[in-house]
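See below for the structure under consideration.
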Amino acid sequence: AKVQGRGILRFSSPGMTTRAKERLSLEADLRLALDQGELSLHYQPQVDLISGQIVGLEALARWQHPTRGMVSPAAFIPLAEECGLIVNLGHWALQSACRQIRVWTDAGLAPRQIAVNVSAVQLSRGDLLESVRLALKESGISPDQLELEITESFVMADRDRSFKAIADLKALGVRLSIDDFGTGYSSLAYLQQLEVDKLKVDISFVRDMTRNSGNASIVKAVIALGHSLGLEIIAEGVEEAGQARYLRSLSCDVMQGYLISKPLPAEEMTCFLHAFAPQ
Ligand code: C2E
Ligand code: CA
Ligand code: CA
Ligand code: CA
């Protein structure tokens, strides 16, 4: 198939399904989106369950498509991973987040760290270490202001390579957390060998933990396991005050979710940080 850009007829073979054509067109648009500045990062606060302070922000990619409107990262990130575009997109995300940390640091508004999601494909098909090094150097931020959220698939895809990468990243001084913890297939035995700082309890366990005793047990177990390994625990997808109270009673450290704020564009987050800052 030949791709000539947006609005121009694209050739596709007659056997292609509508779905496949749709994917191809979205992929072509995504390539342009990076160059044309249609992607941005939104930021969602992470709040300490004891002090109530904002201790972190997670950067989440957004794509404002000229005709499709807002395209969800749940749709375009997997696509970017399949076609390898995630290497460029991932570098863009690291670079933009680090620049924003610089801006907030200079304004005295930066929380302890900003978390950026990192795909296993950035490791297998790109030079993740170099990408992180560049973003840190260009922005001049302190490495411990940057946290990388990796998933269990990042760890399990190529074990030797990922262990080496994690050690190299730790040597740079960045922080690491395991995202969506409990949904993958990694062995618990590896957890103690991995030099990560934090576990993120997946949203699916948090969602109905106050009503579903099975999910509550999983959340409790993850918190106990993480703490016994000296890791910080953050719960994502916290929407209700009752969930926050329950998490605090379980000694969970940090929460993130719509209860505090949905992810906001950088300018709106600046106002939010001003309003939240201790007087
Ligand atoms: P994730 O890393 O697990 O991010 C959490 C998702 O939950 C985000 O969806 C966030 O907006 C949403 N969320 C936050 N609080 C709540 C809540 O209280 N309730 C509910 N129902 N949802 C909440 P989002 O922004 O649509 O991102 C989806 C996924 O796309 C992310 O899941 C992450 O895996 C991926 N992603 C986003 N940005 C990037 C990026 O820059 N790089 C990579 N590799 N992946 C990204
Ligand atoms: Ca994440
Ligand atoms: Ca997650
Ligand atoms: Ca997720």
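Just so we're clear, the structure is a prediction, and the values are computed from it rather than from any experiment. The first residue of the sequence shown is numbered 1, and numbering continues consecutively from there.
Separating the NZ atom in Lys137 from the CG atom in Leu172 is a distance of 13.0 Å, to the nearest 0.5 Å. The distance from the CD1 atom of Ile233 to the CD1 atom of Ile223 is 6.5 Å, given to the nearest 0.5 Å. Between Ile234 atom CD1 and Leu199 atom CG the span is 11.0 Å, to the nearest 0.5 Å. With rounding to the nearest 0.5 angstrom, the CG atom of Leu26 is 11.5 Å from the CZ atom of Arg31. To the nearest 0.5 Å, atoms CG (Leu273) and CH2 (Trp104) are separated by 6.0 Å. In this structure, CD in Glu239 is found 7.5 Å from CZ in Arg207, a value given to the nearest 0.5 Å.
Side chains of Glu236 and Gln256: no donor on one and acceptor on the other come within 3.5 Å. Using modelled atom types, one finds no donor on one side chain facing an acceptor on the other under 3.5 Å when comparing Ser261 with Gln44. Looking only at atom types and distance, the side chain of Gln243 has no donor-acceptor partner in the side chain of Thr210 under 3.5 Å away.
Looking at heavy atoms from C-beta onward, Phe181 lies out of side-chain contact with Phe205 at the 4.5 angstrom threshold. Looking only at side-chain heavy atoms (C-beta outward), Met209 and Tyr246 come within less than 4.5 Å of each other. Under the 4.5 Å side-chain criterion, counting only non-hydrogen atoms from C-beta, Ile150 is in contact with Ile166. Between Ile178 and Leu194, the closest side-chain pair of non-hydrogen atoms falls below 4.5 Å. Ile86 places none of its side-chain heavy atoms less than 4.5 Å from the side chain of Phe76. In this structure, the side chains of Leu60 and Pro73 stay at 4.5 Å or more apart for every pair of heavy atoms. For the pair Gln46/Gln53, no side-chain contact is recorded, criterion being any heavy-atom separation below 4.5 Å from C-beta on. Considering only heavy atoms from C-beta on, Ser139 stays 4.5 Å or farther from Ile101 through its side chain.
A side-chain donor-acceptor contact under 3.5 Å links Gln145 to the backbone of Ser142. A donor-acceptor pair under 3.5 Å is absent between the side-chain atoms of Arg62 and the main chain of Leu39, judged by distance alone. In this structure, Ser131 contributes its side chain and Asp127 its backbone to no donor-acceptor pair below 3.5 Å. Remark: side-chain polar atoms of Asp180 are not paired, donor with acceptor, to backbone N or O of Asp202 under 3.5 angstrom.
Evaluation of the side chain to side chain donor-acceptor pair (under 3.5 Å) rule for Asp208 yields Asn215 as partners, not counting sequence neighbours. By the side chain to side chain donor-acceptor pair (under 3.5 Å) test, Asp106 is found to be paired with Arg102, residues two or more places apart in sequence or in another chain being considered.
Note on Asp29 versus Arg68: salt bridge recorded, some NZ/NE/NH1/NH2 to OD/OE distance being below 4.0 Å. Contact check on Glu22 versus Arg19 returns no salt bridge, with no Lys/Arg side-chain nitrogen under 4.0 Å from an Asp/Glu carboxylate oxygen. Classification of Glu58 and Lys200 as a salt-bridged pair holds, one side-chain N sitting under 4.0 Å from a carboxylate O. For the pair Arg23 and Glu27, the salt-bridge criterion is not met [side-chain N within less than 4.0 Å of a carboxylate O]. Salt bridge status for Asp253 with Lys198: absent, with no side-chain N to carboxylate O gap under 4.0 Å. Comment: Glu147 does not engage Lys170 in a salt bridge, judged by the lack of any side-chain N to carboxylate O separation of less than 4.0 angstrom.
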Problem set entry | Residue pair Leu148, Leu146: steps toward the side chain to side chain contact (heavy atoms under 4.5 Å, CB included) verdict | CA-CA 7 Å; Leu148 304 179; Leu146 178 66; 4.1 Å; yes
For this session: Take Glu138 and Arg99 through the salt bridge (charged side-chain N to carboxylate O under 4.0 Å, His left out) test and state the conclusion after the steps.
Result: CA-CA 8 Å; Glu138 191 218 42; Arg99 286 178 184 167; 2.7 Å; yes
